Peer 1: 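One structure, pasted below without further comment.
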Amino acid sequence: MIKNVAVIGAGTMGNGIAHVFAQNGYTVVLVDVAAAQLERAVQTIEKNLDRQLAKAIITPQQKEEALRNITTATSVETGVAAANLVVEAATENESVKLELFKKIDAVAPQGCILATNTSSISITKIASVTQRQERVIGMHFMNPVPVMQLVEVINGYATSDAVSETIVALSKKLGKIPALANDYPGFVANRILMPMINEAIYSLYEGVAKVDAIDTIMKLGMAHPMGPLQLADFIGLDVCLSILTVLHNGFGNPKYAPCPLLVNMVASGKRGVKSGEGFYSYSHGTKELVVSEKFR
């Protein structure tokens, strides 16, 4: 039975995952090498709980219980010592994840399930660096985690049926809707989403339409809640580039080749919301969408 959860990485996804587990009664250790990042993460969780409180989604008592369920650690060894489940939510970089999973596998309890929040990197490859391949699985949450219902559950080549069933059941206990996928590049969500985003960037790159027109057409014409260029900014243009590179390398199909405009934007540090500018500018301090000066 899963009671104690370690979440590795205190960024946007990590703090969201920790929030959801803690809110649902699980004991959570949030792990990050940077103490300042852990402090920011806990502050973010408290702010998001306050937002839920204001909307009457939770009670004051539930907020306090959720915060009490969370502790922090700056070492993997300490963080996973009592874990039944580890959810890795570190940067979307294959070499980083492989090294991290070697370390987690060496120190986590024998029966512990190791999950990764990766959105594109092979679960089978991640599992291959551990001594418990049958207990490694993908648990791909969507951003923002406390709001979005989907968990894409990805079985690696060696993932056992029992572990898969456990993670599906756990996702439901978190109030999420799990959807099963097998381990091929991009899984389902990003295999479909990223080519659409890439095509939107190509439409801008080739002068078919401007930023606001592309997003408006997809929002009003296709009933998307957010246009693909705005969504790319929200995800992070560096993350989009990384996922497209995984797809391109994994399938060897030129249709997944990242648009040169995306490559150049990431190279110049324009990564979207996280850097303050992408296809839109986020430095004006309002929620109104302002197209980046580069694309006006």
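These figures come from a predicted structure and were not determined experimentally.
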Peer 1: Please check if any side-chain donor atom of Y280 sits under 3.5 Å from a side-chain acceptor atom of D212, or the reverse.
Peer 2: no
Peer 1: Could you check whether any side-chain heavy atom of V5 comes within less than 4.5 Å of a side-chain heavy atom of I2, counting everything from C-beta outward?
Peer 2: yes
Peer 1: Taking T59's backbone N and O only, do any of them form a donor-acceptor pair with Q62's side chain (distance below 3.5 Å, no angle check)?
Peer 2: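 Yes.
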Peer 1: For a quick test of your reading: what N or O donor-acceptor pairs under 3.5 Å do the side chains of residues 65-74 make, sequence neighbours left out?
Peer 2:
residue	atom	partner	partner atom	Å
E65	OE2	Q61	NE2	3.1
N69	ND2	A22	O	2.9
N69	ND2	E65	O	3.3

Peer 1: Report the hydrophobic cluster partners of I177, with the cluster defined as I, L, V, M, F, W, Y residues connected by side-chain heavy atoms closer than 4.5 angstrom, directly or transitively.
Peer 2: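 None; I177 is a cluster of one.
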Peer 1: Which other residues belong to the hydrophobic cluster containing Y184, where Ile, Leu, Val, Met, Phe, Trp and Tyr are joined when side-chain heavy atoms lie under 4.5 Å apart, directly or via other members?
Peer 2: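 Other cluster members: none.
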Peer 1: More than 12 heavy atoms of other residues, nucleotides or ligands under 6.0 Å from CG of N249: yes or no?
Peer 2: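 More than 12 heavy atoms, drawn from other residues, nucleotides or ligands, come within 6.0 Å of this atom.
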Peer 1: So that I can tick it off, tell me whether D183 and K125 are bridged by a salt bridge, with the cut-off set at under 4.0 angstrom between side-chain N and carboxylate O.
Peer 2: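 A salt bridge is absent here (no side-chain N lies under 4.0 Å from a carboxylate O).
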Peer 1: H248 versus M194: any side-chain heavy-atom pair under 4.5 Å?
Peer 2: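 Contact flag for H248/M194 side chains = no.
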Peer 1: Is the closest side-chain heavy-atom distance between Y157 and S122 below 4.5 Å?
Peer 2: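 No. Closest side-chain heavy atoms not under 4.5 Å.
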Peer 1: Applying a strict under-4.5 Å side-chain criterion to I, L, V, M, F, W and Y, I'd like to know whether M142 and V87 cluster together.
Peer 2: no
Peer 1: What do the steps show when you test I217 against L220 for side-chain contact (heavy atoms from CB on, under 4.5 Å), and what is the final call?
Peer 2: CA-CA 5 Å; I217 287 166; L220 300 185; over 6 Å; no
Peer 1: Could you walk me through whether L193 and I235 pass the side-chain contact (heavy atoms from CB on, under 4.5 Å) check?
Peer 2: CA-CA 11 Å; L193 174 64; I235 294 169; 4.0 Å; yes
Peer 1: Could you state the interatomic distance from CD (E46) to CG (L53), rounded to the nearest 0.5 Å?
Peer 2: 10.5 Å
Peer 1: According to side chain to side chain donor-acceptor pair (under 3.5 Å), does anything in residues 162-171 pair up with another residue at least two apart or in another chain? List the pairs.
Peer 2: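 Matches after skipping sequence neighbours: N155-S164.
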Peer 1: Hey, does the side chain of D32 reach the backbone of A10 with a donor-acceptor pair shorter than 3.5 angstrom?
Peer 2: yes
Peer 1: Not counting sequence neighbours, list each pair that qualifies as a side chain to side chain donor-acceptor pair (under 3.5 Å) and has a residue in residues 97-120.
Peer 2: E88-K97, E88-T116, E92-T118, E92-S119, E92-S120, E99-K102, D105-R132
Peer 1: Residues two or more places apart in sequence or in another chain: which of them pass salt bridge (charged side-chain N to carboxylate O under 4.0 Å, His left out) with K176?
Peer 2: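 Counting only residues at least two positions away or on another chain, K176 forms no salt bridge (charged side-chain N to carboxylate O under 4.0 Å, His left out).
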Peer 1: Step through the shown structure and confirm whether more than 12 heavy atoms of other residues, nucleotides or ligands are within 6.0 Å of CD on Q149.
Peer 2: no
Peer 1: List the steps and the verdict of side-chain contact (heavy atoms from CB on, under 4.5 Å) for V151 and K172.
Peer 2: CA-CA 9 Å; V151 176; K172 292 176 181 177; over 6 Å; no
Peer 1: A side-chain contact here means heavy atoms from C-beta on lying under 4.5 Å apart; do F21 and L174 qualify?
Peer 2: yes
Peer 1: Taking it one step at a time, do K274 and D233 satisfy salt bridge (Lys or Arg N to Asp or Glu O under 4.0 Å)?
Peer 2: CA-CA 8 Å; K274 68 176 80 175; D233 275 357; over 6 Å; no
Peer 1: Is there side-chain contact between L85 and I167, with at least one heavy-atom pair below 4.5 Å?
Peer 2: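 Side chain of L85 against side chain of I167, heavy atoms only: contact under 4.5 Å found.
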Peer 1: What about M139 and V147, same hydrophobic cluster or not, with Ile/Leu/Val/Met/Phe/Trp/Tyr joined at side-chain heavy-atom distances under 4.5 Å?
Peer 2: no
Peer 1: Given the rule in the side chain to side chain donor-acceptor pair (under 3.5 Å) test, do T78 and S75 qualify, once you have shown the distances and angles that lead to the verdict?
Peer 2: CA-CA 6 Å; T78 302; S75 75; 2.9 Å; yes
Peer 1: Could you tell me whether the side chain of T159 and the main chain of G156 form a donor-acceptor pair under 3.5 Å?
Peer 2: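 Present.
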Peer 1: Got a sec, which residues hit ring pair (Phe, Tyr, Trp, His ring centres under 6.0 Å) with F295, two or more places apart in sequence or on another chain?
Peer 2: F279
Peer 1: Once side chain to side chain donor-acceptor pair (under 3.5 Å) is applied, do any residues pair with N24, and if so which ones, sequence neighbours excluded?
Peer 2: none
Peer 1: Please enumerate all residues that pass side chain to side chain donor-acceptor pair (under 3.5 Å) together with N198, with sequence neighbours excluded.
Peer 2: none
Peer 1: Take I113 and N84 through the test side-chain contact (heavy atoms from CB on, under 4.5 Å) and record every step on the way to the result.
Peer 2: CA-CA 6 Å; I113 295 173; N84 310 121; over 6 Å; no
Peer 1: May I ask you to check whether over 12 heavy atoms, not counting those of K210, lie within 6.0 Å of atom NZ?
Peer 2: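 It does not: K210 NZ has 12 such atoms or fewer within range.
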Peer 1: Are V263 and V246 linked, directly or through other ILVMFWY residues, by side chains that come within less than 4.5 angstrom of each other?
Peer 2: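 Cluster IDs for V263 and V246 differ.
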Peer 1: Answer yes or no: is there a donor N or O on one side and an acceptor on the other, between the side chain of N93 and the main chain of V96, under 3.5 Å?
Peer 2: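 The answer is yes, because a donor-acceptor pair under 3.5 Å joins these two groups.
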Peer 1: Under 4.0 Å between a side-chain nitrogen and a carboxylate oxygen: does that hold for E277 and R271?
Peer 2: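 Answer for the salt bridge query: no.
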Peer 1: Using side chain to side chain donor-acceptor pair (under 3.5 Å), reason through R40 and Q37 one step at a time and then give a plain yes or no.
Peer 2: CA-CA 5 Å; R40 284 193 296 271; Q37 181 64 41; 2.8 Å; yes
Peer 1: Running the 4.5 Å side-chain criterion over Ile, Leu, Val, Met, Phe, Trp and Tyr, what cluster does V107 land in, apart from itself?
Peer 2: I8, V29, V31, V76, V80, V86, L98, L100, F101, I104, L114, I121, I123, I126, V129, V136, I154, F187
Peer 1: Applying side chain to side chain donor-acceptor pair (under 3.5 Å), name anything that partners E152, two or more places apart in sequence or on another chain.
Peer 2: H140
Peer 1: Working note: Q52 + H19, criterion side chain to side chain donor-acceptor pair (under 3.5 Å); need CA distance, chi angles, decisive distance, verdict.
Peer 2: CA-CA 11 Å; Q52 291 178 312; H19 173 152; 3.0 Å; yes
Peer 1: I want to check something: taking the side chain as every heavy atom from C-beta on, are M196 and M218 in contact at a cut-off of under 4.5 Å?
Peer 2: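 Sidechains of M218 and M196: in contact.
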Peer 1: Short question: side chain of N143, backbone of T12 - any donor-acceptor pair under 3.5 Å?
Peer 2: no
Peer 1: Is there a side-chain contact between K63 and D50, using heavy atoms and a 4.5 Å cut-off?
Peer 2: yes
Peer 1: Would V208 and I214 show up in the same hydrophobic cluster when neighbours are defined by side-chain heavy atoms closer than 4.5 Å?
Peer 2: no
Peer 1: Identify, with sequence neighbours excluded, every residue that meets ring pair (Phe, Tyr, Trp, His ring centres under 6.0 Å) alongside F234.
Peer 2: none
Peer 1: Do Y256 and R191 come within less than 4.5 Å of each other through their side chains, counting heavy atoms only?
Peer 2: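 Yes, their side chains come closer than 4.5 Å.
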Peer 1: Quick one: do I197 and M222 end up in the same hydrophobic cluster if we chain Ile, Leu, Val, Met, Phe, Trp and Tyr together by side-chain heavy atoms under 4.5 Å apart?
Peer 2: yes
